[in-house]
Amino acid sequence: MDVQAPLLPDTGEPGFGVYIHWPFCAAKCPYCDFNSHVRHVAVDQEAFVEGFLKEMTAMRAISGARTVTSIFMGGGTPSLMKPQTVDAILSGIARHWHVPNGIEITMEANPSSVEAERFRGYRAAGVNRVSLGVQALNDRDLRFLGRLHNVEDALKAVRLARDIFPRMSFDLIYARPGQQEDEWVRELNQAISYAVDHLSLYQLTIEEGTPFYGLHRNGKIVLPSQEESARLYEITQDATSAAGMPAYEVSNHAVPGAESRHNLTYWRYGDYAGIGPGAHGRLTSGGRKYATATERNPEAWLAAVQAQGHGMIDNESLEREEQADEMLLMGLRLREGIDLVRWNALSGRQLDIEKEEFLIGHGFLERLGNSRIRCTPQGMLILDAVVADLAS
Ligand code: SF4
């Protein structure tokens, strides 16, 4: 793999991605429902690499020979991995599938687990894009979110990432309790001034099973009202568009051409191999699309892989209607919308014309020429309802 090769441009195709899940974090954030675990003893990274390689073999048997268009290492906190671990994973992927030079290889990193030397090691291993979990640019809210870093650490990590990687993005969470419009405008503008070509801007959501869930139910956490959240969303759209980084997905903003190639594969309903504890995948084999899912507990996953060569607990063939609904759910998140020719071929039917006309008439949906459909900005605000209306 030529790690210095210039990044390949997006072809507009769904593509084939490989996702690796590193399931460990230094601490559990109180809002997080991802498959992330804290361990107070050192994780045996070599054993997990072996597990990843074995599971790749099992996924390769389902997917067959494919050309990889992106690799994403998410978590958890993948930046807790040693550069040698990352190198071994990337080399393994290249032994299982065809990996052209210059594909997007992203790694998530937390500002608290960043060291320059490790960043250089990841870059040397082939990582060419980093996505930093900054989450807030004020120390009070970082403490509220349970983050281990402060603003100074975050900005240091952003500067370092900008120096080392050809592409980088960072995440912020907004619509936090008590967040005022003017505070968010200031924070967002500061973020934009540090961004290179991509920002992920998510509204805080309360997920069942998290500490925030109980606090929210007891009234100890009060989120902004729907109107306030909608206003913060509008401010976000306006500021990022004015800065030349418009939304290309509900929460993701990029300079045109710098969209996350890997996430586009999910949203365009392409195939991806999901490897590691709690990873999900979509793989086409023999004309059928399979939804794979693996055991979530890291040690149980590793034991399963050692015993049977993979940690899959699900490998279910999806019906056409299920695939069509999934494609709607993912594709309507995108500014580019959905290719209706592909959707019709997948579902074996046309969209319900009455429902479509109703949504278009109320300004929630729009046609792009004859063959594409997308949500309007108003439709994005009620995306779940739009999808539910159009789905089978
Ligand atoms: S660092 Fe990320 S994955 Fe880990 S607990 Fe916090 S939000 Fe979840």
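Indexing begins at 1, ligand by ligand and atom by atom, following the structure's order.
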* Is the shortest distance from a heavy atom of Ala27 to ligand 1 less than 4.0 Å? -> yes

* Any Gly133 heavy atom less than 4.0 Å from ligand 1 ->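 Checking ligand 1 against Gly133, which is what was asked, there is no heavy-atom contact under 4.0 Å.
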
* Short side-chain donor-acceptor distance under 3.5 Å, Ser200 and Asn252 -> yes

* To do: Within a distance under 4.0 Å of any heavy atom of Asn110, pick out the atoms of ligand 1 and give their elements.
  =>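 Close to Asn110: 1 (S).
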
* May I ask you to check whether Phe119 and Phe165 place their ring centres under 6.0 Å from each other? => yes

Lys/Arg-Asp/Glu bridge criterion (N-O < 4.0 Å) met for [X], [Y]:
X: Glu299; Y: Arg39; value: yes
X: Asp141; Y: Arg147; value: no
X: Glu326; Y: Lys289; value: no
X: Arg374; Y: Glu336; value: no

* Just go through Gly76, Cys29, Pro78 and tell me whose heavy atom is the nearest to atom 3 (S) of ligand 1. => Gly76

* To do: Could you tell me the residue and atom name of the protein heavy atom closest to atom 2 (Fe) of ligand 1, and the distance to it rounded to 0.1 Å?
  => Arg147 NH1, 4.0 Å

* Between Cys25 and ligand 1, which residue portion shows a heavy-atom distance shorter than 4.0 Å: side chain, backbone, both, or neither? -> side chain

* Does any N, O or S atom in Cys32 come within less than 2.8 Å of atom 6 (Fe) of ligand 1? -> no

